[in-house]
2 protein chains.
Amino acid sequence: MPKIVNHEERREQLAEAVWRIIRREGLEGVSVRSVAEEAGMSLGSLRHYFDSQSALLAFSMQLVAERIKKRIQSLPQDGDPRENIEALIGQIVPLDEDRLAESQIWIAFSTFALTEPELRPLSREIHDSLRDVFRNIFETLAQSQLLKPGLDTELEAKRFHALVDGLLVHGVIASEVVLAEEIAGIVARHLDSLLVP
Amino acid sequence: MPKIVNHEERREQLAEAVWRIIRREGLEGVSVRSVAEEAGMSLGSLRHYFDSQSALLAFSMQLVAERIKKRIQSLPQDGDPRENIEALIGQIVPLDEDRLAESQIWIAFSTFALTEPELRPLSREIHDSLRDVFRNIFETLAQSQLLKPGLDTELEAKRFHALVDGLLVHGVIASEVVLAEEIAGIVARHLDSLLVP
DNA sequence: TGCTTAGCAATACAAATGTATCAAAAAAAA
DNA sequence: TTTTTTTTGATACATTTGTATTGCTAAGCA
C-alpha cells in the first residue's frame, strides 16, 4: 500500500481552500488551479480527489451546510425556551467573525445554486430544513402557551425565518456597519413582540 | 455623419441582454460573446458601446437599480400612510413575475459586488438608500402618531428592512413555493403589529 | 456627388480554463 | 528486497475568455 493519506481529510482541506477563495475573490475566483494552489497541492492531486470541478463545488457546499447543521444540533437544549431560540439564531446570523465567514460562503453558494441544476436541490434542502426548524419552534412555543394568544404560528414562523435571513444578508452586505449587538437587539425585540412576558 | 443610432438605447439593449443571461444561467454565463449574441449583435459592436466587460456589468447593475428607484419614486403618495407603505414594499418584493426577475438580477449583482471593488460602492449605495427609505417611513409614522407607543423607530426601521430583504431572498430561492399572497400577508401582519389600529 | 466618420463585423491573440494522460514517487505488503 | 498500488506532479490539449486591431459600410454634410 502507498502513502497513507486520509482521503476525507484531504477533501475537506480542498473544500476549505474553496471557502477561502470565495471569501477573498468570490466564486468567480474558484478554478481548479486556484484551489489547488490555495491548498498547496498540484492540479493532479486535486483531480485525484475530485473528478470534476462541479464535484468539488458540490462537496464544498455540502460541507459548509453540514458544519452549520452539526453546530446547531449540538446546542444544549437546557435553559428556558427563549434562551434556546436565541442560541439557535446566534448560530445562523453573523454575530462573530466565524459566523460572518460562513454567511459569506453560504450566500455565494446559494446564489450560484439558483442557476446550477446540480446544486439547486441541495440549496433547497437546506432552506427547507431551516424552515422546518422555525416551524417547530413556533409549534412548540404555542403548545407551551408561551406565544401571545391569537398568533398564526405558520405565518409567524415564516416571518421570523425571513427576518433572520434578512439579518444574515444585511450582516454580510454591510459587515462594517451592522454590529453584532444590533442584530441581537433586533432578534430580541422580535421575540419580545411574540412571547408572553 | 454616419448612421444615426441612439447610443443610450443600444447600451440599454445590451444591459437587458445581460439580465436575461443572468436569469437563465447566472452571472457565470455572462461573457462579452454571450451578451453580444443574446442582444443580436457582433462582438465588435458591443465593444463599441462598452470599453470592457466590467463597464458593461457596472452599467447593467446601475440600470436595474435606476429602474427600481424610478418606479418607487413615481408611486402616488395619496392613499393613507399604510397603503403607501404597502405599495412601496410591493415594488421591492417579488409579488409578480417582473418583480421576481428584478429580484433575481439584483441578488446576482449584490453577491457579485461583495468581492468586486468596482461594483461594491454602488451596491452599498443602493442598500443605504433603501435603509434611509425605511428610516423615513418610521420617523414619519412616529410623528403622525401612527406607531404604537414606546417603539424604537431606528430599530423598527432596521427590523422591517431586514424582513423585507429576507422576503425578497425567500421569494427568489423558493419562487415556486413562496406565494405572492404569503409575502403580502407577512408584510401586512408585520404592519399590524406596529401601527395603531 | 464625393467626403467624413460613427457604427459595425471579422479576425487575431494571449491568457486562463476544465479535463485527460502518463510516468515518477512513496510506502506498505510480499 | 521486490512487488504492488495509491498518491503525486508534469505536461498536453481543446475551449473559452477578454481585449485589440483593422478595414468595410452607410448615412449625413459639404
Side-chain angles (χ1 to χ4, degrees), chain A residues 1-22 24-62 108-109 112-113 115-119, chain B residues 1-22 24-62 108-109 112-113 115-119:
Chain A
M1 291 282 169
K3 189 157 51 167
I4 15 172
V5 165
N6 187 330
H7 210 79
E8 200 54 24
E9 194 178 291
R10 274 283 209 275
R11 285 165 66 87
E12 298 194 358
Q13 282 173 12
L14 285 163
E16 286 165 10
V18 169
W19 299 348
R20 288 194 294 277
I21 295 175
I22 287 180
R24 211 170 48 226
E25 309 168 35
L27 249 171
E28 306 77 36
V30 175
S31 72
V32 286
R33 282 172 180 80
S34 67
V35 173
E37 190 187 13
E38 174 76 28
M41 54 179 91
S42 76
L43 199 54
S45 253
L46 183 149
R47 270 304 241 103
H48 184 68
Y49 295 103
F50 292 100
D51 282 342
S52 69
Q53 188 192 31
S54 55
L56 169 61
L57 288 179
F59 180 81
S60 303
M61 183 173 179
Q62 197 123 27
F109 275 126
F112 185 62
T115 50
E116 290 302 306
E118 197 170 348
L119 292 185
Chain B
M1 290 285 170
K3 191 159 46 168
I4 16 170
V5 165
N6 186 330
H7 209 78
E8 200 53 25
E9 194 178 290
R10 274 284 209 269
R11 286 164 65 86
E12 298 194 359
Q13 282 174 13
L14 284 163
E16 285 165 10
V18 169
W19 299 348
R20 287 195 295 277
I21 296 175
I22 287 180
R24 210 170 50 226
E25 310 169 32
L27 247 172
E28 307 77 35
V30 175
S31 72
V32 285
R33 281 172 181 80
S34 68
V35 173
E37 190 188 13
E38 175 75 29
M41 55 180 90
S42 76
L43 199 53
S45 252
L46 183 149
R47 272 301 241 107
H48 184 69
Y49 294 102
F50 291 101
D51 282 343
S52 69
Q53 188 192 31
S54 55
L56 168 62
L57 289 179
F59 180 82
S60 302
M61 183 173 180
Q62 198 122 28
F109 275 127
F112 186 62
T115 49
E116 290 302 306
E118 197 169 348
L119 292 185

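Sequence lines set the chain letters: A, B, ... in the order given, protein chains first and strands last, and positions in each chain run from 1.
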Colleague: Determine: side-chain N/O of Tyr49(B) to OP1/OP2 of dC8(C), distance under 4.0 Å, yes or no.
Modeller: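 Yes, within the criterion.
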Colleague: Gln62(A): which residues meet the side chain to side chain contact (heavy atoms under 4.5 Å, CB included) condition with it, sequence neighbours left out?
Modeller: Glu66(A), Leu122(A)
Colleague: Under the salt bridge (charged side-chain N to carboxylate O under 4.0 Å, His left out) test, which residues partner Arg11(B), sequence neighbours left out?
Modeller: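 Partners of Arg11(B) by the salt bridge (charged side-chain N to carboxylate O under 4.0 Å, His left out) criterion, ordered by chain and then number, come out as Glu8(B).
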Colleague: How far does the helix from dT1(C)-dA30(D) to dA30(C)-dT1(D) bend, going by the axes of its first and last five pairs, to the nearest 10°?
Modeller: 10°
Colleague: Can you name the side chain to side chain contact (heavy atoms under 4.5 Å, CB included) partners of Ser42(A), sequence neighbours left out?
Modeller: Ser45(A)
Colleague: Students often mix this up, so state it plainly: with edges at 30° and 60°, are the rings of His48(A) and His7(A) parallel, tilted or perpendicular?
Modeller: perpendicular
Colleague: State, yes or no, whether a side-chain contact exists between Leu57(B) and Phe112(B) at a heavy-atom distance under 4.5 Å.
Modeller: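 Of all side-chain heavy-atom pairs linking Phe112(B) with Leu57(B), at least one is under 4.5 Å.
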Colleague: Arg10(A) has an atom CZ; how far is it from atom C1' of dT8(D), in whole Å?
Modeller: 9 Å
Colleague: Tell me every residue that passes side chain to side chain contact (heavy atoms under 4.5 Å, CB included) with Ala58(A), counting only those two or more places apart in sequence or in another chain.
Modeller: Leu119(A)
Colleague: Assign a letter to each nucleotide of nucleotides 16-22 of chain D from its 5' end: B, base within under 4.0 Å of a protein heavy atom; S, sugar-phosphate only; -, no contact.
Modeller: -BBBB--
Colleague: May I have the distance from Glu9(B) (atom CD) to dG7(C) (atom C1'), rounded to whole angstrom?
Modeller: 15 Å
Colleague: For Gln13(B), enumerate each residue passing the side chain to side chain contact (heavy atoms under 4.5 Å, CB included) test, keeping only those at least two apart in sequence or located in another chain.
Modeller: Glu9(B), Arg10(B), Met41(B)
Colleague: I need the full list of salt bridge (charged side-chain N to carboxylate O under 4.0 Å, His left out) pairs touching residues 36-45 of chain B, with sequence neighbours left out, sorted by first then second residue.
Modeller: Arg20(B)-Glu38(B), Arg24(B)-Glu38(B)
Colleague: How far apart are the C-alpha atoms of Leu14(B) and Val18(B), what are their side-chain angles, what is the distance that settles it, and do they pass the side-chain contact (heavy atoms from CB on, under 4.5 Å) test?
Modeller: CA-CA 6 Å; Leu14(B) 284 163; Val18(B) 169; 5.8 Å; no
Colleague: For a side-chain contact (heavy atoms from CB on, under 4.5 Å) check, start with the C-alpha distance between Val32(B) and Phe50(B), then their side-chain angles and the critical distance, and finish with the verdict.
Modeller: CA-CA 10 Å; Val32(B) 285; Phe50(B) 291 101; over 6 Å; no
Colleague: Please list, chain by chain and in numerical order, all residues satisfying salt bridge (charged side-chain N to carboxylate O under 4.0 Å, His left out) with Glu12(A), sequence neighbours excluded.
Modeller: Arg67(A)
Colleague: Output yes when at least one side-chain N/O atom of Ser45(B) is less than 4.0 Å from OP1 or OP2 of dG7(C), else no.
Modeller: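 No, because none of the side-chain N or O atoms of Ser45(B) sits under 4.0 Å from OP1 or OP2 of dG7(C).
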Colleague: Any residue in residues 11-20 of chain A with a heavy atom nearer than 4.0 angstrom to DNA chain D? Just list them by number, or reply none.
Modeller: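 Heavy-atom cutoff 4.0 Å gives no residues at all.
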Colleague: Are His48(B) and dG7(C) close enough that a side-chain N or O sits under 4.0 Å from OP1 or OP2?
Modeller: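 Yes.
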Colleague: How close or far is atom P of dG7(C) from atom NE2 of His7(B), stated in whole angstroms?
Modeller: 6 Å
